[in-house]
Every structure is written in C-alpha cells, then in structure tokens.
Amino acid sequence: MLPTRMSTMFLRTLRDDPADAEVPSHRLLVRAGYVRRVAPGIYTLLPLGVKIVERVATIIREEMNAIGSQEVLFPALLPAAPYQQTGRWDEYGDLLMRLKDRRGNDYLLAPTHEEMFTLLVKGEYASYRDYPVMLYQVQTKYRDEARPRSGIMRGREFVMKDSYSFDLDDAGQQHSYDLHRQAYIKTFERLGIDYRIVAAISGAMGGSQSEEFLAPTPVGEDTFVTCSNCDYAANVEAVEVRVEQPDPDATHPPMRNLHTPDSPGIGALVETLNRDHGMDTDASKLLKNILFKVDAKPVMVLVPGDREIDEERLASAVAPGEVTAFDEADFAARPDFVKGYVSALGMQEAGVIVLADPRVAPNSNWVTGANEYEHHVVDAVVGRDFVVDRYVSVATIADGDPCPRCGSPMHLDRAVEVGHIFQLGRKYADAFGLDALGADGKPIRITMGSYGIGVTRAVAVIAEQTHDELGLRWPASVAPFQVHIVAAGKADHIAAALQLADELEAAGVSVLVDDRTTAQAGVKFKDAELLGMPTIVVVGRGLVEGKVELRNRLTGERNDVLLTEIVALLGSS
RNA sequence: CGGGAAGUAGCGCAGUUGGUAGCGCACCUGCUUUGGGAGCAGGAGGUCGGGGGUUCGAGUCCCCCUUUCCCGACCA
C-alpha cells in the first residue's frame, strides 16, 4: 500500500467545536473530519470515518466467521408484507421508515431483519440435516428515532452487524447463544471497549434469555446496576427485586383509621403522622397507590412511598394492554375514588385490578389511604385487609438498592448499549412456519437467536471512552492508520518523512504522513493529536543527527529514535 | 409529543433607537516567519431559514410557516 498523504487527503479539520455537538465523541469526530452531518441523525463518513468503520467491521466479521457464522447481505429497502405478517409493520409505529413505490405498494427501510433471515432460511433449508446454521450481515439500518442525538452514537441511519442462529432444539439454541456470547467478548476486547454484560429484557423482539453489552460512559442513555459485592449486573429495566419476606405467621395489630387532614401526598402524610399521631415513620413504610387505566379499565399500582413508578416497566408488565393516566375526568366519573386518599382496600369489589411491587409482600403492613377524605389507615396488612391481584416489578431502582443475589448495595451507572444477544425462541419461526423435516418424517419447529452489534455506535463509543482533551486516541486495533508521520519543517523533512512512510508501508505498517507545505509545525502537531493515531513520528530538527521523535498518543511518552531503527521498531509491534 | 433555545459566509459568532451586513477560523495571491493552531498586505465568498405585513427604507418591528439544537417523553 502507498502511504496516505495529508497534502491530498480529503480532510479539513475544524478549530472550533460544532455548535450542534454536545458529547465529546461527536465534537471530536466532526472536528477531526471523520463525519459530517447531512440531516438529523444522518451522517456522511469522510475518508477517515470510512476507514475506522471498516476496521471495526473487520474485527466483528473475523469473530463472527470464527464461530462459523456466514455473511450474507439483505437489502435495506424491503417490501412491507413480511413485516405485516409478524405484526411489526404496525408495532414499530413511527419508528419505522416507510415509503411507497410508484404503484403505491408499501415498503420500508429495515430497522432490523428477523423476518428476512427467517424467510431466507425457510426458502433454502428443509431438512434437519441442514441445521444448525448461523448467518449474519453488516447492514445499514433505519429507525426514525423521535430524537436522534450524540452524532453517530444514536443516528436514524446506522450500521449494525446482526446475526441469527437457527437450531432444532433449545439445547442447540443455548449453544449458539453461548458461541455468540464468547464471540462478543472477544470482539469487544479487541475493539478496546470497556464493557459490562448485564441482564436485559428482550423488549419488542420477544424471546427469553437476553443480555446486553453495555459500555459505561456518562453520556450513556441506558442505566444499569452492578453489585458492589458479587458479579450481578442488570439493566434497570430488568433488575430483579430482592424482598425480605415478612414472617407469614406474624400477627399485626388491627387496622386503625386516622384523621389526617391536608395530607394528600406521601411527604405531607409522613409529617402529619409523626406530628399528630406520635408515630415515627418514613416514606418507605407508606403505600403509594396510583391509578392508571389499562385499555380504559382502572388499575391500581402499589409501590412503597419512597419509590416512583417506572411507567415503562409498567407498560411492559401489562402489555399488550395500553396504559394511560387516570386523569381528572376519570376521578370525576368515580366519586368513590377519593383523590389523594385512595387505597387498595375493597378495590376488587369496585372493579379495580390491584398490581403491586414485590416489596408489598404478603403479610406486610402499611400505612395507606382510607378511601375517605382526609383519612388514612395504619396497619393495613396485605392479605388480611386488602388483596394484591398480581405482583409486578414496576418501582424505580435506586442507587444503594440491595442486590437480588447477595443483598449488598448496588450502584447505578450510565452506559451505551453496543451489543445485545438474545434467544428469540420460536416467535418468528411460528410466524412464517419455519420447520425442518425430522428423521422421523415429522416437522420440527426451528428455534432462533438474534445478536446485534452497533458498528457505527461502537466507533462513537470507542471515541467516547478513549479521547482526551487534545483529541481522539484510537486503540491500535481500530485506528485508521497505525502511524502518523509529521514532517515538522523544511523540504528535507518532508522528503525524509515520505521516504520513511514508504519504508513503513513496505513493512506492513499503515501510515498517514503529513507532507503539507501549507501548514506550520504547530498546526501539524495539533492535527496529529486531534486525529488520534496511536503512534506519531516527528521528522524534524533531530534529522541532522539522523534522529526522529517517537510519540505514543495514548501515554504521551516521547523518545528520540534513530531514523534507521524506526522500521524495525514499529514494523515488529 | 410537552418545555426551552436558536436559524446571518464552509465552520464559530457579532450586528445599538429600523438607514442597505461585519469579526475570527478556513480558502486564494504576495512577502516575511518556520518545533506547538504565525505576521503584514491584498482578495474571493452572503436571496441574513421561507412567506406575508408595517415603513420612504427591515437582518432588526408584527403575523404565519419551517428547520435545527437542548431537556423530558419515546427508543432491540
């Protein structure tokens, strides 16, 4: 290969931060000339951007191929029919990029390709002898996000590696899942991404076991918990709740009704109880009762008073029911619900379904509303005084909550999801009737797994996790070039730099050489730091002694090295 | 979809009581400089987001539209 010259490379670096970029990776990728915005969430890759995306994709491909997955490539533009068949044409809603062809037929720009992979395998394979099989692609995906942000970290168009496994039985599926899990571990190690594997919910994809590969960063959009003691880690959406089960035989005093004027909220109620009734209580011992409508029917949700209800978790708990708020008009229509003083007491008789957080355990006692204006009850016992119809984990998770495994405090952190592996089960095989003919002549329903890595997102994540105040700092495994040679000054420096560049390329080292005559040394140093290649070689005033300066972009370390030794030094590394 | 902010040169920004648009970076020419985002001089580059209105005159005032950014909701 020939070295790439800065004098002719299509690149313009910016001295000022772009006004629309907030997170560091976005600012730097724009300033350093890797990407340019075209429309919200839609970016052009410039030559450096193309290179780094390719290098990341290559590592992913190598690890996919290593577990025997085979690469295919579907169109991004697809007919609507397969997605209508699985219901996702409607389920995806506004997130789906839809379009029509000249005849008015519906098409979409694919957000993910489960349907197509299932249909492809169904079309080609019919015998149990053909299985198992794993296929993947590196493809551009489209999702019309309500609010794209953070540059290529969360675009409306993005590159994703998605793979799918097809197995005859659950044991095979588990094996395929484990293969991908190992491949992902190797992949993220090689990419130099700091990641955690956490328990996840499978969301709109359906399926059972599901884990996410999260890259911790303050700009992350996901929140996850890690245990301070054991290795439990989970997305907050998927945290199991540890509950100290009360003694089922314990007896409680009879329920009492107290006058609690002007105490509609949890905070006000704690104050009133402690002041007027000589109690020493806190919000965690009070019950927060919130009414919702699920498909227009009233549902009451109970959580401890120090918790909020995570409406997203509630929505997934009652899916496919539609959750809406119980508003003023609803209260007006139900005078038996005393706003501010509602409780689960007698709700079943009122036609209300009562859902509760697991902390509202059987035989636990609580302070709750009395369904009577300005009155609350104390020692309301679950199972004795009121009934929970169903337990759902819908309370928000807080920093310091106990680990479900060992009970130690858990920490909350922010992260970006860079990979997701999960077992789809037979959802798509059922939708399309994907069967293999078994040895006994009977059809076997295929079970599937789905595994994704955000390729362009991984680039942003690496930038986010590795940059410093001077610019990008790519790990050698993904850097667009291994070595950035800066010709600091005169014509003889440039000549020597170009010759060194040729020698390094001949030794198999990719080189970017700054041979510009139009830029001063200071500009070249700044650009080299901004662009972020792992090794910078300065050909400058040391040249008269046959020396060049070797700089490590990651550590900042600098050494003078004989020009004659450079190739051996860098070629071997 | 709710709340906030903003659209003026490729990028970052200024523009007073309304008087016909400017600064920095980048770009072009020349000279000087030459290892930490150089200096001087001279240039090129703008339907001021769009439409309508008020006015002798609108980047500036009024109305409508539109786009973008940020926070939230949403989001394999």
Side-chain angles (χ1 to χ4, degrees), chain A residues 11-23 26-27 30-31 33 36-42 88 91-96 110-114 141 143-151 153-156 158 160-164 200-207 210-214 219-222 235 237-238 310-312 315-316 323 325 416-424 427 449-454 457 470-471 486-494 514 516-530 536 538-543 548-549 551 558 560:
Chain A
L11 171 72
R12 192 104 307 159
T13 57
L14 305 178
R15 195 178 297 200
D16 297 316
D17 282 334
D20 60 353
E22 194 76 7
V23 306
H26 186 197
R27 290 204 315 262
V30 172
R31 274 191 58 207
R36 289 289 181 264
R37 195 185 79 99
V38 171
I42 303 178
R88 293 209 293 183
E91 283 168 20
Y92 258 99
D94 290 337
L95 204 61
L96 199 59
T112 174
H113 281 78
E114 279 77 7
K141 308 286 191 194
R143 289 181 199 178
D144 194 2
E145 301 279 357
R147 190 151 96 79
R149 66 188 104 173
S150 307
M153 186 107 70
R154 180 175 175 187
R156 293 194 294 170
F158 56 97
M160 167 167 280
K161 186 287 301 178
D162 49 326
S163 47
Y164 304 86
I201 56 172
S202 33
M205 309 298 312
S210 169
E211 289 172 293
E212 288 172 339
F213 288 72
L214 297 185
V219 304
E221 304 181 292
D222 283 286
N235 192 305
E237 298 167 348
D310 185 328
E311 292 190 31
E312 191 179 334
S316 68
V323 179
V416 175
E417 178 187 347
V418 284
H420 196 165
I421 54 178
F422 51 96
Q423 303 187 1
L424 287 174
K427 174 176 173 176
S450 170
Y451 319 90
I453 294 178
R457 174 175 285 187
L470 297 173
V486 172
K490 304 176 179 64
D492 56 331
H493 294 168
I494 292 175
D514 196 343
R516 289 178 296 179
T517 54
T518 51
Q520 289 193 260
V523 174
K524 293 182 179 183
F525 291 142
K526 292 289 185 194
D527 274 346
E529 283 147 359
L530 180 62
I536 298 170
V538 181
V539 179
R541 56 192 173 202
L543 191 63
V548 295
E549 188 181 324
R551 298 184 182 179
R558 301 179 179 195
D560 284 334

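A note on names: the letters A, B, ... follow the listed sequences, proteins ahead of strands, and every chain is numbered from 1.
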Interatomic distance, [X] [atom1] vs [N] [atom2] [rounded to whole Å]:
{"X": "A:L96", "N": "B:rC75", "atom1": "CG", "atom2": "P", "result": "15 Å"}
{"X": "A:E145", "N": "B:rA73", "atom1": "CD", "atom2": "C1'", "result": "13 Å"}
{"X": "A:E91", "N": "B:rA76", "atom1": "CD", "atom2": "C1'", "result": "13 Å"}
{"X": "A:R27", "N": "B:rC69", "atom1": "CZ", "atom2": "C1'", "result": "15 Å"}
{"X": "A:R31", "N": "B:rC11", "atom1": "CZ", "atom2": "C1'", "result": "11 Å"}
{"X": "A:R36", "N": "B:rC11", "atom1": "CZ", "atom2": "P", "result": "10 Å"}
{"X": "A:D527", "N": "B:rG35", "atom1": "CG", "atom2": "C1'", "result": "15 Å"}
{"X": "A:D20", "N": "B:rC71", "atom1": "CG", "atom2": "P", "result": "13 Å"}

Base paired to [N] (Watson-Crick or G-U; both N/O distances under 3.5 angstrom):
{"N": "B:rC75", "value": "none"}
{"N": "B:rU16", "value": "none"}
{"N": "B:rU29", "value": "B:rA41"}
{"N": "B:rG35", "value": "none"}
{"N": "B:rC11", "value": "B:rG24"}
{"N": "B:rC61", "value": "B:rG53"}

| field | First of A:R37 and A:L95 reached from the 5' end of RNA chain B, by closest nucleotide | value |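 It is A:R37, whose closest nucleotide lies nearer the 5' terminus.
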| said: Reading RNA chain B from 5' onward, which residue's closest nucleotide shows up sooner: A:E237 or A:V538? | reply: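 Its nucleotide being nearer the 5' end, the pick is A:V538.
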Taking N and O atoms by type only, does the side chain of [X] place a donor or acceptor under 3.5 Å from a partner on the base of [N]?
{"X": "A:R149", "N": "B:rG72", "result": "no"}
{"X": "A:R516", "N": "B:rG37", "result": "no"}
{"X": "A:D16", "N": "B:rG24", "result": "yes"}
{"X": "A:Q520", "N": "B:rG39", "result": "no"}

Heavy-atom pair with the smallest gap, counting every atom of [X] and [Y]:
{"X": "A:V548", "Y": "A:V538", "result": "CB-O, 3.4 Å"}
{"X": "A:R558", "Y": "A:R551", "result": "NH1-NH2, 3.5 Å"}
{"X": "A:A488", "Y": "A:G540", "result": "CB-CA, 3.9 Å"}
{"X": "A:V416", "Y": "A:G220", "result": "CG2-CA, 3.6 Å"}
{"X": "A:D492", "Y": "A:L543", "result": "O-CD2, 3.9 Å"}

| message | Let's go through A:E221 and A:R149 carefully: what are the C-alpha distance in whole Å and the side-chain angles of both, what is the deciding distance for salt bridge (Lys or Arg N to Asp or Glu O under 4.0 Å) to 0.1 Å, and is it a yes or a no? | response | CA-CA 10 Å; A:E221 304 181 292; A:R149 66 188 104 173; 3.3 Å; yes
By nearest atom, which of the nucleotides [options] is closest to the [X] side chain?
{"X": "A:V523", "options": "B:rG35, B:rG37, B:rA76", "result": "B:rG37"}
{"X": "A:P40", "options": "B:rA76, B:rU68, B:rG35", "result": "B:rU68"}
{"X": "A:R12", "options": "B:rG37, B:rA26, B:rG35", "result": "B:rA26"}
{"X": "A:F525", "options": "B:rG35, B:rG37, B:rA38", "result": "B:rG35"}
{"X": "A:R143", "options": "B:rG36, B:rG37, B:rA76", "result": "B:rA76"}
{"X": "A:R558", "options": "B:rC75, B:rA76, B:rG36", "result": "B:rG36"}
{"X": "A:A19", "options": "B:rC69, B:rG36, B:rC13", "result": "B:rC13"}

| message | As an exercise, state the distance from CG of A:D162 to NE2 of A:H420, rounded to the nearest 0.5 Å. | response |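 So the gap between those two atoms works out to 13.5 Å.
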| request: Can you measure from CD (A:E211) to CG (A:N235) and round to the nearest 0.5 angstrom? | output: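 Between A:E211 CD and A:N235 CG, I get 12.0 Å after rounding to 0.5 Å.
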With [atom1] as the reference atom in both, quote the distance from [N] to [M] in angstrom, rounded to an integer.
{"N": "B:rU33", "M": "B:rG39", "atom1": "P", "value": "15 Å"}
{"N": "B:rC48", "M": "B:rG7", "atom1": "C1'", "value": "10 Å"}
{"N": "B:rC63", "M": "B:rG45", "atom1": "P", "value": "36 Å"}
{"N": "B:rG19", "M": "B:rC61", "atom1": "P", "value": "11 Å"}
{"N": "B:rU66", "M": "B:rC27", "atom1": "C1'", "value": "32 Å"}
{"N": "B:rC65", "M": "B:rC56", "atom1": "C1'", "value": "29 Å"}
{"N": "B:rA58", "M": "B:rU20", "atom1": "C1'", "value": "9 Å"}
{"N": "B:rA41", "M": "B:rG24", "atom1": "P", "value": "11 Å"}

Using a heavy-atom cut-off of 4.0 Å across all strands, would you classify [X] as base, sugar-phosphate, or nothing?
{"X": "A:E549", "result": "base"}
{"X": "A:D94", "result": "nothing"}
{"X": "A:E211", "result": "nothing"}
{"X": "A:G454", "result": "nothing"}
{"X": "A:V30", "result": "nothing"}

| query | Out of A:H26, A:E145, A:E417, which one pairs with A:R154 under the side chain to side chain donor-acceptor pair (under 3.5 Å) rule? | reply |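 Filter result, single survivor: A:E145.
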| field | Residue-phosphate contact under 4.0 Å: A:R156 side-chain N/O, B:rC75 OP1/OP2 | value |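 No, outside the criterion.
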| query | Looking only at side-chain N and O atoms, does A:R15 come under 4.0 Å of OP1 or OP2 in B:rG12? | reply |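 A:R15 to B:rG12 OP1/OP2: no side-chain N or O under 4.0 Å.
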